Structures are given as structure tokens and as C-alpha cells.
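Throughout, protein chains are lettered first and strands after them, A, B, ... in sequence-line order, and every chain is numbered starting at 1. These numbers come from a predicted model, not from an experiment.
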Amino acid sequence: MGKNESGFVYGLKRGIPITMGYIPVGFTFGLMVASSGLPPWIAVFTSLTNLTSAGQFAGIRILLAGAGYLEIMLTTLVINLRYVLMSLSLTQKVDQGMALGQRLAISFGITDETFAVASVENGRLSFSYLSGLMIGPFLAWSGGTALGGLVSTALPPQLGSAMGIALYAMFIALIIPPAVQAHRIFGVIAISVGISVVLRYVPVFSFVSAGFRIIAAALVGAGLSAWLWPDREEQ
Amino acid sequence: MDGVIVSPVLAVLLMALVTYLTRAVPMVFFRREIRSPYVKTFFHYMPFAVLGALTFPDVFTATGSVISSVVGCTVAVLLAFRGKSMIFVTVCAITVMYILELVV
């Protein structure tokens, strides 16, 4: 990364697509919570403190279903265990001299999308770059949630339903272009998707929860691919 | 919210704590540089494996109907395949889904 490309402003720019994408997804979360009967501020409070899509949706859903604290924590843990892998992966790319306080701060902003963008940057990741990258998505996530919670009653139900696709459209936009350029990346995706589909639909595996399904698919997908196609392409 | 038996605020705080720990513990306690080419490649492939598994097959049940979800997913894949930006892909997918849900 060049000097002019390593700072806060560059991070902000790189975060714009994530910021734009988080508004409709946060919005959907606000809608879901408000229409469940919980006060909208609980939705905003959740987005401010959790900053995670799948984990929040799942946690609130089972909370509404009457689950206890332990079950809620375990579900959140299993769904978000993938952050352990992402955080581990990022430790290899952040400035080695990054201070403890800075590490604690940027840890909060690790999401599927900020991780995906940060991990494809060239060179070391500075604290200013990462804070620039993460601040927009954080504000958009909480702001989108607030909007969704507030307008839940005024919105046509079809739009709420259509917004269910937003999160996945973002994921697709993140993984397809690199897969088009590199066949190995396509292979990685094919293997992990294959495992995910099998675990989801083959009855023998019906005991596997959504969180463990993602973790198994990611570990086997990346593990098998790294064995099949050992070289990093771009180096 | 008939089924709620716990304090939502405390539950949300516990969720936040668990989520934060998954992110912060490796970042704070693991500072060694990984040298193994296998592990490096593994971490290079990780985001694609995670995002792929998060998307499929769940995307097909993302909205009201399987048909509209498949159409929305196809729109997103085609646009992404042509290298369109993330925001463009997302907005187009939502728009197509919205029109479909109005019509069907």
C-alpha cells in the first residue's frame, strides 16, 4: 500500500460500498425487531453493541422464542465463531506494532464485509485505515436499524420482504468478481457451498445448527482448497 | 413478544460480549507471524469459503417466496459476474425483488 493509500480517508472510501449495503440490511433488522413487539430502541441498542448481521437476527429470534441466557449466548457464539478465523487471519496483516487499545478498538469492527475488503488490500493494515473502513459501516448499520424500527408501520410489506435479499446480494458481489478472475477462488467457493448445501438438506445432518454448518463449510472449504491449490495466486 | 422470559437488555449485552470476544481474543493474544505456506493459503481462502457458505443455500429462502429469491439471486450473480459494484448489485437485487413481490 502506498503512503497516500494507507490512511483514514482511503479506508473511508473503501468502506463506502459496505456502508451503502448495511443500510438496507440494518433496516431489515430494525423492521424485524419492531414488528415483533420489542421496542425499536432495543433494535438500535443491539446494532450499536453487536454489529453483526446473522448473529443479531438469530439471537433476537430465539430470544423472542423464549430461550434462556445460556442458549442465546451459545447460539450467538456458534454463529459468530467465524470471527475467530477472520480475526486470526487479520493478525497476519495488521501493523505488527499496533497498540493494545487500537487492537481492542478495531476488533469491534470486524464483520464479514470489512474483513473481506481489508483482507484483499495489499500490504500492512494501519489503525487509521481500519478505523476509516469500519466507521461508515458501523454508523450505517445502527442508522439503518433506527430507520427500520421507526418506519416499520409505514412500509409496504413487499419492500420489507424484498430487503431480505440485501445481505446475500452483498455477499455475492464480494465473492463473484474474484472468483471470475481466479479459478481457485471459484473452487474454494464451490467446495464450501457444496458442504453447506449437503449439511443443510441431507437429513442425516439435520442436527447440525446453522452456525456449525457455516464453520464446518468454511474450515473444510478453505482447508481442502489450500491443500488442492497451494499457491497464493497474486504473489 | 409473548415468549420472552429474559431481560432483552441483558440478553443483548451478553450477545455483544460473546460476539466481541470472538473478534478481540485472537487480535489481542495472537501476534505471531504465521510462516507455514499452507496456513497462509488457508487464511487467504477463508473469506470466500465463509461468504459462500453464508450465502448458499440460505439465499433461496431469503424472502417471501423461493421463486423470487432465486430470481433475485440470479440477478445479483449475473451483475456481480459482470463486475458491477457492491451497492449497484444490492440495489438492483432489492428492486427486482420488490417488483416481483408486487406482481406475483
Side-chain angles (χ1 to χ4, degrees), chain A residues 17 20-21 37-38 42 46 49-50 52 55 59 63 65-66 69 72-73 76-77 80 82-85 87-89 91-92 103 107 110 116 119 158-159 161-166 168-177 185 188-189 192-193 196-197 200 214 217-218 221-222 225-226 230 232, chain B residues 1 3-6 8-9 11-16 18-20 22-24 26-28 30-31 33-34 37-38 40-59 62-64 69 72-73 76-77 80-81 83 85-87 89-90 93-94 97-98 101-102:
Chain A
M20 302 306 288
L38 286 170
I42 285 279
T46 310
T49 52
N50 282 252
T52 175
L63 166 82
Y69 294 116
I72 292 170
M73 287 171 78
T76 315
L77 176 68
N80 290 338
R82 66 184 188 281
Y83 291 138
V84 172
L85 297 174
S87 180
L88 261 182
S89 170
T91 60
Q92 302 301 301
R103 282 176 189 257
S107 295
I110 299 172
S119 60
Q158 293 90 348
L159 188 58
S161 172
M163 287 203 165
I165 199 83
Y168 300 106
M170 269 172 81
F171 291 160
I172 288 168
L174 276 170
I175 60 176
I176 299 284
I185 301 297
V188 174
I189 297 168
S192 79
V193 167
S196 176
V197 170
R200 173 74 178 77
I214 306 301
S225 303
R232 286 185 64 164
Chain B
M1 53 188 286
V4 177
I5 54 168
V6 298
V9 174
V12 166
L13 282 176
L14 290 171
M15 284 162 56
V18 168
T19 306
Y20 182 67
T22 63
R23 293 162 164 161
M27 183 60 68
V28 169
F30 193 88
R31 304 205 178 188
E33 178 122 25
I34 294 173
Y38 176 82
K40 279 187 161 175
T41 311
F42 174 82
F43 279 134
H44 174 60
Y45 289 156
M46 251 285 303
F48 302 103
V50 170
L51 293 177
L54 275 174
T55 308
F56 298 99
D58 301 52
V59 62
T63 62
S69 298
C73 173
V77 169
F81 196 83
S85 72
M86 191 159 90
I87 182 63
V89 172
T90 308
I94 293 174
M97 303 287 296
Y98 180 54
E101 303 234 337
L102 282 181

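- Contact count versus chain A (heavy atoms, under 4.5 Å) is highest, among B/R31, B/E101, B/M46, for B/R31.
- Annotation: side chain of B/P57 is in contact with side chain of A/S196 (closest heavy-atom distance under 4.5 Å).
- Looking at B/S69 and A/Y168, their side chains never bring a donor and an acceptor atom within 3.5 Å of each other.
- Between chain B and the residues A/P177, A/G55, A/G221, the most heavy-atom pairs under 4.5 angstrom are made by A/P177.
- Ranked by heavy-atom pairs under 4.5 Å with chain B, the first of A/I176, A/N50, A/T76 is A/N50.
- When each of B/T19, B/L102, B/V89 is checked for heavy-atom pairs under 4.5 Å with chain A, B/T19 comes out on top.
- Contacts with chain A were tallied for B/C73, B/G52, B/G83; B/G52 has the most, counting heavy-atom pairs under 4.5 Å.
- Among B/M97, B/M15, B/R23, the residue with the largest count of heavy-atom pairs under 4.5 Å with chain A is B/R23.
- By the 4.5 Å heavy-atom criterion applied to side chains, A/F171 and B/V59 are not counted as neighbours.
- Of the listed residues A/T49, A/I189, A/L77, A/V84, the one with more heavy-atom pairs under 4.5 angstrom with chain B than any other is A/V84.
- Both the backbone and the side chain of B/Y98 have a heavy atom closer than 4.5 Å to some heavy atom of chain A.
- Contact check for A/R82 versus B/T22: no side-chain heavy atoms found under the 4.5 Å cut-off.
- Contact detail for A/I42 and A/T46: the closest heavy-atom pair is O-OG1, 2.6 Å.
- Across B/P26 and A/T91, no two heavy atoms sit closer than the pair O-CG2, 3.5 Å.
- Contact count against chain B (heavy-atom pairs under 4.5 Å) is highest for A/S87 among A/A169, A/A173, A/S87, A/A218.
- The nearest pair of heavy atoms linking A/A222 to B/A49 is N-CB, 4.0 Å.
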